[in-house]
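The next block holds one structure in the form of structure tokens; read it before the comments.
The basis for the numbers below is simple: all heavy atoms, side chains too, and nothing from hydrogens, waters or symmetry mates.
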Amino acid sequence: YDLQVIGNFYKTVDDAEKALVATYSVLDWGYYDHIIVVSEVMSDNCFGGCGAADDMRYQVWDDFDYYGFYNPSDLLWQRYWFGIYRANVLLSNIDNIDWSSMPDKKKQITAEARFLRAHFYFDIVRLYGNVPLVDKPIDPNNMNIPQANPDEIYKLIAEDLKYAIENLPEEKYSKTFAQKNGGRVTKWAAEAMICRVFLYYTGYYNKSNLVELVTKNDVRVYIDDVIQNSGHKLLDNYADLWIYSPTYAGECNDEVVFTIKYTYKAFADQNQQNGAQWQIMIGIRAQKHPEYHYPFGEGWGAGTVDPRLYNSYELGDTRRDASIICWDSMKLAEPLDISDMREFTGFNWKKYCPLETPSGTRVVESLGGHYITDNFEDYADIRFSDVLLMGAELYLDADLGKAQQYYNLVRNRAFKGNAPVKTLTNDKNGKDLIFEERKHELALEG
């Protein structure tokens, strides 16, 4: 067959599309080391868990003990550089492509690639703090790239996201959109992402703006644009966001602004890495009768939920039982076998937990996929409720009425319209209320 290399590739629009899909593909990668699980274990939400005789990788993350007997973060590090590399190769060859048949496509593909590069960089700079700045393919003879100042990384992220905002379509992610475009990014996702970056950067580094490129007024405009013009909205019932719900709203529901798509259709071909391998990590571990805990499937038992998270929800908050499995409330036919569990707390993830059929068969296997490699529930990377809470935080010191409006929308959905009144103030107490709301709204979502 004809070998495709850079010398004979990057000629047509179709070549560019294939290279872009290859860059998106890296979003799917990750097994035990995926940031979604790792970040929850590193937070106060979860313990390491796993099996009694397993290696200690999750304890390393839970205890921040990176100087122990090994560092389990190597694959995490490598994956992000694969994504950055693929984006850089595409962007460095973008002018070699013949765009004459589709002249408007160049800006869109460039914008998507730059969003993805920003996405990868934002994760890796938050995880590691100081990382190299690589915005083009590296010369193999010059691989020793020093760490950059974080401001240099954030400058690239901000520039990439601003370009994406200016050149991505104003289309709402929806079932119709996904049938045509898969999980491609939209302008609304880019606007939400730059607000996320702004809030993290200014909060963590105690700055007033994002590397002199994006001001607070800028991101207020972005967040209002998403809230008022994107067409995204909250679902009426919080539990319907998640696949276990009998009234599940589906992967392309109105609340999903940006999603990472997964499928079972690799049918156990692990090399494709198209399934959510990380989801097997959070299922309940080693049960003799899996049908007894239907619909929640088995897994490796990582990220056991801290009871303090479960107990921190207010009375009447529907998000607690929509987010966390409390085994004591399940009324199981027989007690759980906890002999092969480390740090079992009585609580596990409900969001993203693999599912079983009533007979105890893994749902993914009933579809022809493999239970480790082919879990298929999409990961909602940006939800509309996250956007509303970012909006509340951004307006806290400018328009308390608007901040309260956005905050109340999230709380009222959680309490079915009967949320206890909490009044935001323009100070640390107001911000703490928003942070507490984020903890309960977005728990176990990475």
Side-chain angles (χ1 to χ4, degrees), residues 39 111-112 114-123 125-126 150-151 153-173 185-234 254-260 379-400 402-410 424 426 430-431 433-435 437-439 441-442 445-446:
S39 60
E112 291 183 61
R114 292 186 69 169
F115 173 93
L116 291 170
R117 182 169 66 179
H119 189 282
F120 294 131
Y121 255 124
F122 185 46
D123 276 357
V125 74
R126 284 184 296 162
D151 278 5
I153 305 297
Y154 280 97
K155 182 174 183 290
L156 179 66
I157 292 171
E159 289 171 342
D160 280 350
L161 290 176
K162 287 180 72 174
Y163 184 93
I165 290 166
E166 293 164 4
N167 292 283
L168 285 170
E170 292 188 2
E171 291 185 72
K172 173 188 166 189
Y173 178 77
V185 65
T186 67
K187 172 188 174 180
W188 316 118
E191 287 186 325
M193 180 62 76
I194 204 167
C195 294
R196 181 181 285 179
V197 172
F198 177 92
L199 285 167
Y200 180 85
Y201 174 84
T202 56
Y204 187 78
Y205 294 103
N206 193 28
K207 300 290 183 69
S208 62
N209 58 56
L210 178 56
V211 291
E212 308 301 326
L213 288 176
V214 183
T215 68
K216 202 167 195 177
N217 283 333
D218 292 334
V219 289
R220 287 178 184 137
V221 172
Y222 291 141
I223 208 76
D224 282 344
D225 195 26
V226 182
I227 292 170
Q228 296 168 14
N229 300 318
S230 70
H232 290 288
K233 62 182 180 180
L234 296 178
D254 285 338
E255 195 161 333
V256 176
V257 179
F258 176 60
T259 190
I260 296 174
Y379 169 62
D381 189 273
I382 303 174
R383 289 198 289 110
F384 190 65
S385 60
D386 185 5
V387 172
L388 288 169
L389 291 174
M390 287 193 288
E393 187 175 348
L394 288 166
Y395 275 104
L396 200 61
D397 59 354
D399 186 339
L400 268 176
K402 183 176 280 191
Q404 188 76 49
Q405 175 193 353
Y406 292 162
Y407 174 78
N408 287 349
L409 284 170
V410 176
L424 298 179
N426 177 16
K431 186 174 284 190
L433 284 177
I434 294 172
F435 284 2
E437 206 61 34
R438 291 185 67 83
K439 179 174 82 169
E441 177 68 24
L442 303 168
E445 295 182 51

query: Taking all atoms of both residues into account, what is the closest heavy-atom pair of N209 and V214, and its distance?
result: CB-O, 3.3 Å
query: So do I153 and I157 actually touch side chain to side chain, heavy atoms under 4.5 Å?
result: yes
query: Is there a donor-acceptor contact under 3.5 Å from the side chain of Q404 to the main chain of L424?
result: yes
- prompt: Is any NZ, NE, NH1 or NH2 atom of the basic residue among K155 and E159 found under 4.0 Å from an Asp or Glu carboxylate oxygen of the other?
  reply: yes
- request: Specify the closest pair of heavy atoms between A190 and A164, including all atoms of both residues, with the distance to one decimal.
  value: CB-CB, 4.0 Å
message: Within this structure, what is the CD1-NZ distance for the pair I223 and K402, rounded to the nearest 0.5 Å?
response: 11.0 Å
task: Heavy atoms only: give me the nearest L389-Y407 pair and the separation to one decimal.
output: CD2-CD1, 4.4 Å
- prompt: Where the side chain of H232 meets the backbone of E255, is there a donor-acceptor pair that is under 3.5 Å apart?
  reply: no
Partner of R114 under side-chain contact (heavy atoms from CB on, under 4.5 Å), chosen from D160, N167, L168: D160
Pairwise distance CG(D399) to CG(D224) - rounded to 0.5 angstrom: 9.0 Å
- line: Separation between CD (Q405) and CD1 (I227), nearest 0.5 Å, reads 8.0 Å
query: Going through the distances and angles, do L161 and F115 end up as a side-chain contact (heavy atoms from CB on, under 4.5 Å)?
result: CA-CA 6 Å; L161 290 176; F115 173 93; 3.7 Å; yes
- prompt: More than 12 heavy atoms of other residues, nucleotides or ligands under 6.0 Å from NZ of K431: is that the case?
  reply: no
- request: Using a 4.5 Å cut-off on heavy atoms from C-beta on, say whether the side chain of R126 contacts that of F122.
  value: yes
- request: Please examine the side chains of Y201 and D151, heavy atoms only from C-beta on, and report whether any two atoms are closer than 4.5 Å.
  value: yes
statement: Heavy atoms of A158 and V211 approach each other most closely as CB-CG2, 4.4 Å
query: Charged N to carboxylate O under 4.0 angstrom, K187 versus D225?
result: yes
- prompt: Between R383 and E445, is there a side-chain N and carboxylate O pair less than 4.0 Å apart?
  reply: yes
query: With distance as the sole test, does T259 use its side chain to make a donor-acceptor pair with the main-chain N or O of Y379 at under 3.5 Å?
result: yes
message: Between R220 (side chain only) and L394 (backbone N and O only), is there a donor and an acceptor less than 3.5 Å apart?
response: yes
message: As a quick check of understanding, evaluate side-chain contact (heavy atoms from CB on, under 4.5 Å) for F258 and H119, giving each step before the final call.
response: CA-CA 11 Å; F258 176 60; H119 189 282; 4.1 Å; yes
message: Using the ring centroid of each side chain, check whether Y204 and Y154 are separated by less than 6.0 Å.
response: no
query: If we only count heavy atoms from C-beta on, is the E437 to L433 side-chain gap below 4.5 Å?
result: no
task: Quick one: pull up CE in M390 and OH in Y222 and give me the separation to the nearest 0.5 Å.
output: 13.5 Å
message: Determine whether F384 and L388 satisfy the following criterion, side-chain contact (heavy atoms from CB on, under 4.5 Å), listing intermediate values before the conclusion.
response: CA-CA 6 Å; F384 190 65; L388 288 169; 3.8 Å; yes
message: Let's go through M193 and D381 carefully: what are the C-alpha distance in whole Å and the side-chain angles of both, what is the deciding distance for side-chain contact (heavy atoms from CB on, under 4.5 Å) to 0.1 Å, and is it a yes or a no?
response: CA-CA 10 Å; M193 180 62 76; D381 189 273; 3.9 Å; yes
query: What are the two closest heavy atoms between S385 and L442, and how far apart are they?
result: OG-CD2, 4.4 Å
message: Strictly below 4.0 Å, N to O, side chains only: are D218 and K162 in salt-bridge contact?
response: no
field: Side-chain heavy atoms of V387 within contact of Y406, under 4.5 Å
entry: no
- prompt: In Å and rounded to the nearest 0.5 Å, what is the CG to CG distance from L234 to L409?
  reply: 6.5 Å
field: Validation row: E171, W188 side chains within 4.5 angstrom (heavy atoms)
entry: no
task: Compare all side-chain heavy atoms of N229 with those of E191 and state whether any distance is below 4.5 angstrom.
output: no
task: Of all the heavy-atom pairs spanning I382 and A192, show the shortest one and how long it is.
output: CG2-CB, 3.9 Å
field: Side-chain heavy-atom pair D397, N426 within 4.5 angstrom cut-off
entry: yes
